[in-house]
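Here's the structure, in structure tokens; my notes come after.
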Amino acid sequence: LDYFQQSLSIRQKTQENFGLVISLRSVGTTFTYLKKYTEGIYYLNQSVRLAQLIKAPTAELQSVKELAEAYSRAGSYKEAYATSLKYTALKDSLFTSDKTKIIEEMDARFDSEHKDKEIEILTRDRKLSSLRNWLLVAIMALLATVGAFFVIKQRARHRREKELAAQENLVLQAKNE
């Protein structure tokens, strides 16, 4: 008890609230086990109030549980029952809150993974589309080159045929003369 009270005194001076909640609970629990119920209940109530004030639900839960035990040992069954109900409600609320956080984290992780996959698919589609466009441009350039080649070859053949026809005409004219 002396060590717990020294710890309580130090934490009051340093104003470390969470540690103060724990020290108040330890002193209250020790008084309860020493059958000094009034003192125990006093310190446990302070522990509960401070835990509520600093919004430390887990510490509050433990303090409320110890307070219900203190009331029960003191023979204050009405207060013990009411505090036990408070403990159960707080425990259920904490459990629900924890499960809600876990579900929200899982949803966020799922959404994030889903979006990452969607981004990956869109990126891949964009790359494929870009590759497809380049391929079409290359095919069109190849067709244009082949087409130009045939046109040039056709013109050259046509020119040669004209030249041959002109030479044949000259030869025929020369024979006719």
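Heavy atoms only: backbone and side chains are in, while hydrogens, waters and symmetry mates are out. Keep in mind the model is a prediction, meaning the values are calculated, not measured.
Minimum heavy-atom separation, P57 to L94: CB-CD1, 3.5 Å. Nearest approach of T83 to A68, heavy atoms of both residues: CG2-N, 3.6 Å. Between A70 and I41, the closest heavy-atom pair is CB-CG1, 3.8 Å.
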Quiz item: Given K117 and H114, is the side-chain contact (heavy atoms from CB on, under 4.5 Å) satisfied, shown in steps?
Solution: CA-CA 5 Å; K117 286 181 182 179; H114 182 70; 5.8 Å; no
Quiz item: Does the side-chain contact (heavy atoms from CB on, under 4.5 Å) test come out yes or no for Y33 and R73, once each step is laid out?
Solution: CA-CA 9 Å; Y33 284 117; R73 287 177 181 247; 3.1 Å; yes
Quiz prompt | Stepwise side-chain contact (heavy atoms from CB on, under 4.5 Å) check, K86 with V48 | solution = CA-CA 11 Å; K86 182 178 178 182; V48 170; 3.9 Å; yes
Practice problem: Please test E60 against L90 for side-chain contact (heavy atoms from CB on, under 4.5 Å), starting from the C-alpha separation and ending with a verdict. | Solution: CA-CA 9 Å; E60 180 185 359; L90 189 58; 3.6 Å; yes
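Linking Ile, Leu, Val, Met, Phe, Trp and Tyr whenever their side-chain heavy atoms come within less than 4.5 Å leaves Y37 and L24 in two separate clusters. Under the 4.5 Å side-chain heavy-atom criterion for Ile, Leu, Val, Met, Phe, Trp and Tyr, I22 and I54 are members of the same hydrophobic cluster. Under a hydrophobic-cluster definition in which Ile, Leu, Val, Met, Phe, Trp and Tyr are linked whenever side-chain heavy atoms come within less than 4.5 Å, directly or via other members, F150 and L142 are assigned to the same cluster. Both L50 and V27 sit in one connected hydrophobic cluster of ILVMFWY residues. Membership requires side-chain heavy atoms under 4.5 Å apart, directly or through other members. A continuous path of ILVMFWY side-chain contacts below 4.5 Å connects Y43 to F18, so both sit in one hydrophobic cluster.
Donor-acceptor pairing under 3.5 Å is recorded for the side chains of Q46 and Y42.
Annotation: the span from E118 atom CD to T123 atom OG1 amounts to 10.5 Å, rounded to 0.5 Å. The CG atom of D116 sits 7.5 Å away from atom CD of E113, with the distance rounded to the nearest 0.5 Å. In this structure, the separation between CD on Q62 and NZ on K91 is 10.0 Å, given to the nearest 0.5 Å. Atom CZ of R160 sits about 9.0 Å away from atom CD of E163, to the nearest 0.5 Å. Rounded to the nearest 0.5 Å, atoms OG (S23) and CG (N17) are 11.5 Å apart. Rounding to the nearest 0.5 Å gives a distance of 13.0 Å between CD1 of I119 and CZ of R124.
Residues E69 and K65 are not paired through a salt bridge, judged by the lack of any N-O separation under 4.0 Å between the basic side chain and the carboxylate.
Between R49 and L53 there is no side-chain heavy-atom pair separated by less than 4.5 Å.
A donor-acceptor contact shorter than 3.5 Å links the side chain of T88 to the backbone of S84. T30 places a side-chain N or O within 3.5 Å of a backbone atom of S26 that can act as its donor or acceptor partner. Using modelled atom types, one side-chain atom of T145 and one backbone atom of A141 make a donor-acceptor pair closer than 3.5 Å.
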